[in-house]
Structure formats: structure tokens, C-alpha cells
Amino acid sequence: MKLSAFIVLAAGFCAASPVLATDLGNCEDQPNPIYVSGSSAIGNFIGNLTKPMKDQGYTLVYSKKGSCDGVNAIVSGVKLTGTLTVYDDDAKPTNTCTVATDGGVAVDIGVSDVYAKTCLNADPPSTVGDFFGPIQAMLIVVPEASTQQAITWEQVHMLFGYGAAAEVESFTDNNLIYHRNDKSGTQQMVSYASDLPASKWLTGTDNNGPFDAGGSSGVRDSVGSSTSPNAIGILGAEVYDLARDKLNSLAFKGKNQLFAFYADSTPTATDKKNVRDGHYQIWGPLHLLAQVGSNGQPTNEKAKLFIDVVSGEQSLEGANILDTAITSGVVPSCAMTVQRSAEVGPISPYTPDEPCACYFEKNAGGSTSCATCSGADGTACSGGGICRRGYCEAN
């Protein structure tokens, strides 16, 4: 049964060359280490926080495996061992350190692309707080040379559930089908969108694929370096944005949708328009998980600092969290017009207290139709709206 292509009716950066890592020694000897564990799809965002945190005397030490690893680190107290990542001042993962403490070190903050319940199959205990960060979209990607433009949720279900045997378009070689694993937030989110449980994705052995490519970089490199245009994989948008010279993303037709939509307004745009207005279905907030007290606030001071920085409640000298999100390929919540409270669940209208859609469009996408303004933030614009960050926002 061959599934035909769905006609699309709606609509960077270069990947860095690999370099040898610098061993920084023991993780415990780094200045004020903050141990972060979880999603590899959010690595660029973590990397861009490294220098401003370092300038304040802190070292972000990152175990980037999968979202559910971040959840389990906080919920079950799973400690970190072995070699961990420390990004350099240019936000590149070129440094490492090694945990010397017997039994490992405790995680300060867990980062997950999905709700804790998705990983646990149950609600987390009340002692675990879930704080939202920026919005991340998950994509289906193919090599830049591919002629494919779109894919439906049924095709994703068949392709990753049955592999080449599903005969989905040109993706008929198991050795060219790359995914993650059931601890990956990317895979979990795509699973919800395609009605294919993350644990049921077909995984072959030896040369029989489809392959668990490991982290996000494994999918990026496997699909992006393929000599065949018929490779395919799943990837977070922030990872994809840094490899657009080697990869294309497919428009996705979700459940109950008539058309397929790109995450951006066009295949080459970077405005995340269809994520921000809900037309593109596979997205959710970054979840920052930490132990909390009876007041709902983190009991770990380093976790609280990290959460306050990401939420914008605490600023860092020489850094702007809004610009950091934009640079990292994620969407700050102030640029969204919709929200959801469940994994790839129903969407509802959302009006941020201090919207930044115009600022985001200009700085992430390169242009905006919003009028500029020179008044102080919060003052009325002459033509209507409120002046915020130099643009007349809706409110």
C-alpha cells in the first residue's frame, strides 16, 4: 500500500565542523556548577546561556540525553556520572568535564520538551514543579536534495511504525530512516501527533534499521550527510535552524487538518508563524523541572536562578533572554497567540501580558508589518496599540 504525497497548500546557519573537545577536568571543580539534565533538542538554547551565566560566576554543566532523562533526574533523583558537556563562550559544545564524585552528582534542573506525565505515565509528585520556558517545534526533516515537501500524520505513523514496508513515498530503505528513542521529547511529541506510541517505533538491528540515531545531533548528521535524497528523520526546530544548508523540513498535515503546514510561513522563512498561531501542530513549551517547597518555589537556589533567568524574572548583564530565545531558534511565549495545556493537545487563544510578536517577527524572521514607535514601553501608539520594544504591539 503506497501512500501518496499530500499537496502542500500552506506554507541559516551552517552546521559547524566537528572539533576535538577540551577536557576541563572534574565537573565539581568548575566555578559554581549548575547541573542540567535532559533534552538534547534544546542544546542550542542552553549553549547560548553559557557565557552570560559564566560572567555571573556560574558554569552550566549539561547532560544532554533525552527529555525523560531530565524528568527522571528530578522525580527519581537519578544522578549524573561520567563525561558531561560544558559549552564554550561561542555556544558550541566543545568542552567536557568528568564527574569525580562516587555515585554521581545530583541534578539541579531537569529540562524536557514534554510534560513529565508523558514520561512517567502518571502525574509527577507535588514536590516537583514544572516551570515553562520558550516554545519548541518538532519537525520531520529530509536532506536538502530531497524533492519531498509534505507528510501527513498517517504517513508518519506508518513510516516510523513499520519502516520501509509501509511504502511511504520514496522512503523505502530502512537504513535511511532515523529517529530517537522513547526517552526523547522529540519522539514523544511526534508520537502524540501521529498516534504512534514512542515505545512502538520500529527499531532494527545491524543493517536493518530504522535507526535510533542517539541524540539530536545524530539525526541531524545522519540525514544531513546522507548521499541519498530519500533519508528522513525527526528533529527539534532549533537544531534544524542551524543545519538548513543540509536539511529541509516537511510541511505536516495533522489530525483533522485539511492542509499541511510548515512550522514557518514558507519553507525558507524563519518566523515560526504557523507555530505561533497554531496551524503547525507539533510544538510545546520547554519544561523546567525542579524540586519545590510548599510555596511552589524551587528549594534549590541554583535551580531557582536558572528558572528566573529563563522566565525573564532575573536579567543577566550583557544578555537578553528574549534575544537568546530568538538566536536559539525557539519561540518566547510572548510571541505566541495560542496556548495548550496537554501534549499536542487542543489549542486556545492566548494574549501575553506584554506581547513581543512584532519584535520577534523582525528579529527572527527579518521583517514585520508592525509600525515602529519611539515611546517608552507601555505607552499608547498614535495609530493604535501599545509601544513595546520599539514596535506597536496589539496590547
Novice: Does the side chain of T83 reach to within under 4.5 Å of the side chain of C97, using non-hydrogen atoms?
Specialist: no
Novice: For S328, does its backbone N or O pair with a side-chain atom of N44 as donor and acceptor, under 3.5 Å?
Specialist: yes
Novice: Once rounded to the nearest 0.5 Å, what's the spacing between atom CD1 of I177 and atom CH2 of W201?
Specialist: 11.0 Å
Novice: Is the count of non-hydrogen atoms from other residues, nucleotides or ligands lying under 6.0 Å from K200 atom NZ greater than 12?
Specialist: no
Novice: In the single-linkage hydrophobic clustering (I, L, V, M, F, W, Y; side-chain heavy atoms under 4.5 Å), do L176 and Y240 co-cluster?
Specialist: yes
Novice: Hey, does S39 have a side-chain heavy atom less than 4.5 Å from the side chain of K65?
Specialist: no
Novice: H179 versus V219: any side-chain heavy-atom pair under 4.5 Å?
Specialist: no
Novice: Is the number of heavy atoms from other residues, nucleotides or ligands within 6.0 Å of CG (N395) greater than 12?
Specialist: yes
Novice: I'd like to check Y62 versus I42 (side-chain heavy atoms, cut-off strictly below 4.5 Å). Are they in contact?
Specialist: yes
Novice: Go through E361 and T368 one step at a time and tell me if the side-chain hydrogen bond (donor to acceptor under 3.5 Å, both in side chains) criterion holds.
Specialist: CA-CA 5 Å; E361 289 169 356; T368 180; 2.9 Å; yes
Novice: State the CD1-NZ distance between I307 and K302, to the nearest 0.5 angstrom.
Specialist: 14.5 Å
Novice: Please tell me whether Q188 and S67 have a donor and an acceptor in their side chains that are separated by less than 3.5 angstrom.
Specialist: no
Novice: Just by modelled atom types, is the V292 backbone N or O under 3.5 Å from a matching donor or acceptor in the Q297 side chain?
Specialist: no
Novice: If Ile, Leu, Val, Met, Phe, Trp and Tyr residues are connected whenever their side-chain heavy atoms lie under 4.5 Å apart, and connections chain through other members, are L196 and I140 in the same group?
Specialist: yes
Novice: Does the ring of W283 carry R340 above it, NZ/CZ under 6.0 angstrom from centre and within 45° of its axis?
Specialist: yes
Novice: Would you give the length of the straight line joining atom CZ of F45 to atom OG1 of T324, rounded to the nearest 0.5 angstrom?
Specialist: 6.5 Å
Novice: Enter the distance from I347:CD1 to H279:NE2 here, rounded to the nearest 0.5 Å.
Specialist: 8.0 Å
Novice: Show your working on side-chain hydrogen bond (donor to acceptor under 3.5 Å, both in side chains) between D195 and H157 and close with a plain yes or no.
Specialist: CA-CA 7 Å; D195 201 22; H157 179 107; 5.2 Å; no
Novice: Any donor-acceptor pair under 3.5 Å linking the side chain of D130 with the backbone of L289?
Specialist: no
Novice: Show, in sequence, the C-alpha distance, side-chain angles and deciding distance for M53 and T59, and conclude whether the side-chain contact (heavy atoms from CB on, under 4.5 Å) test is met.
Specialist: CA-CA 7 Å; M53 292 293 286; T59 304; over 6 Å; no
Novice: Indicate yes or no: at least one non-hydrogen side-chain atom of K272 is less than 4.5 angstrom from one of D241.
Specialist: yes
Novice: For the rings on F131 and H287, is their centre-to-centre separation under 6.0 Å?
Specialist: no
Novice: Could you go step by step and tell me if L159 and I232 meet the side-chain contact (heavy atoms from CB on, under 4.5 Å) rule?
Specialist: CA-CA 10 Å; L159 180 63; I232 190 169; 3.6 Å; yes
Novice: Does Y350 OH have over 12 foreign heavy atoms under 6.0 Å away?
Specialist: yes
Novice: Say whether, by atom type as modelled, one donor and one acceptor occur between the side chain of Q149 and the main chain of A251 under 3.5 angstrom.
Specialist: no
Novice: Is atom NZ of K54 surrounded by more than 12 heavy atoms (other residues, nucleotides or ligands) closer than 6.0 Å?
Specialist: no
Novice: Checking C392 against C373 for the disulfide (SG to SG under 2.5 Å) test, could you report, in this order, the C-alpha distance in whole Å, the side-chain angles of both residues, the deciding distance, and whether it holds?
Specialist: CA-CA 6 Å; C392 292; C373 55; 4.1 Å; no
Novice: Which pair of non-hydrogen atoms, one from S216 and one from V239, has the smallest distance, and what is that distance?
Specialist: CB-CG2, 4.0 Å
Novice: Any idea which heavy atoms bring D113 and A41 closest together, and the distance?
Specialist: OD2-CB, 3.6 Å
Novice: When you measure from the side chain of S146 to the backbone N and O of P143, does any donor-acceptor pair fall under 3.5 Å?
Specialist: no
Novice: Can any side-chain N or O of E144 pair as donor or acceptor with the backbone N or O of G224 at less than 3.5 Å?
Specialist: no
Novice: Under 2.5 Å between the SG atoms of C381 and C387: is that the case?
Specialist: no
Novice: Please report the closest heavy-atom contact between E28 and V105, naming both atoms and the distance.
Specialist: OE2-CG1, 3.7 Å
Novice: Kindly indicate, with the supporting measurements, whether the criterion side-chain contact (heavy atoms from CB on, under 4.5 Å) is fulfilled by F132 and L286.
Specialist: CA-CA 6 Å; F132 289 178; L286 176 66; over 6 Å; no
Novice: Please report the closest heavy-atom contact between D182 and Q187, naming both atoms and the distance.
Specialist: N-NE2, 4.0 Å
Novice: Given side-chain hydrogen bond (donor to acceptor under 3.5 Å, both in side chains), test Q291 with T299 step by step and report yes or no.
Specialist: CA-CA 6 Å; Q291 291 288 332; T299 55; 5.8 Å; no
Novice: State, with a plain yes or no, whether a side-chain heavy atom of C119 is found less than 4.5 Å away from one of V114.
Specialist: yes
Novice: Is it the case that the side chains of Y359 and D323 hold a donor-acceptor pair, with the cut-off being a distance below 3.5 Å and no angle test?
Specialist: yes
Novice: Is it possible for you to say whether Y115 and V190 belong to one hydrophobic cluster, with membership spreading through side-chain heavy-atom contacts below 4.5 Å?
Specialist: no
Novice: Ignoring hydrogens and angles, tell me if any N or O in the side chain of S226 forms a donor-acceptor pair with the backbone of V223 under 3.5 Å.
Specialist: no
Novice: Checking side-chain contact (heavy atoms from CB on, under 4.5 Å) against L84, which of V36, L24, V61 comes through?
Specialist: V61
Novice: Tell me, do V168 and M158 make a side-chain contact under 4.5 Å, heavy atoms counted?
Specialist: yes
Novice: After noting the C-alpha distance and the side-chain angles of D88 and T94, does the key distance pass the side-chain hydrogen bond (donor to acceptor under 3.5 Å, both in side chains) rule?
Specialist: CA-CA 6 Å; D88 62 23; T94 57; 2.8 Å; yes
Novice: To the nearest 0.5 Å, tell me how far E354 CD sits from I386 CD1.
Specialist: 11.0 Å
Novice: Under 3.5 Å, side chain of Y280 to main-chain N/O of M138, donor-acceptor pair present?
Specialist: yes
Novice: Report yes or no: does R276 contribute a side-chain atom to a donor-acceptor pair with the main-chain N or O of D271 at less than 3.5 Å?
Specialist: yes
Novice: Verify the distance criterion only: is there a donor paired with an acceptor across the side chains of T337 and D277 at less than 3.5 Å?
Specialist: no
Novice: State, to 0.1 Å, how close A193 and I282 come at their nearest heavy-atom pair, and which atoms those are.
Specialist: CB-CG1, 3.7 Å
Novice: Hey, does the side chain of T379 reach the backbone of A376 with a donor-acceptor pair shorter than 3.5 angstrom?
Specialist: yes
Novice: Measuring from K246:NZ to S225:OG, what's the distance to the nearest 0.5 Å?
Specialist: 8.0 Å
Novice: Do S37 and D69 have a side chain donor and acceptor closer than 3.5 Å?
Specialist: no
Novice: Starting from the C-alpha separation in whole Å, work towards a yes-or-no answer on side-chain contact (heavy atoms from CB on, under 4.5 Å) for Y262 and T266.
Specialist: CA-CA 7 Å; Y262 293 103; T266 70; over 6 Å; no
Novice: Between R244 and D264, does a salt bridge (charged side-chain N to carboxylate O under 4.0 Å, His left out) hold up when you go through it step by step?
Specialist: CA-CA 13 Å; R244 286 187 177 223; D264 302 287; 3.0 Å; yes
Novice: Looking at E169 and Q155, what are the two nearest heavy atoms and their distance?
Specialist: CG-NE2, 4.2 Å
Novice: Between Y87 and L49, is there a side-chain heavy-atom distance shorter than 4.5 Å?
Specialist: no
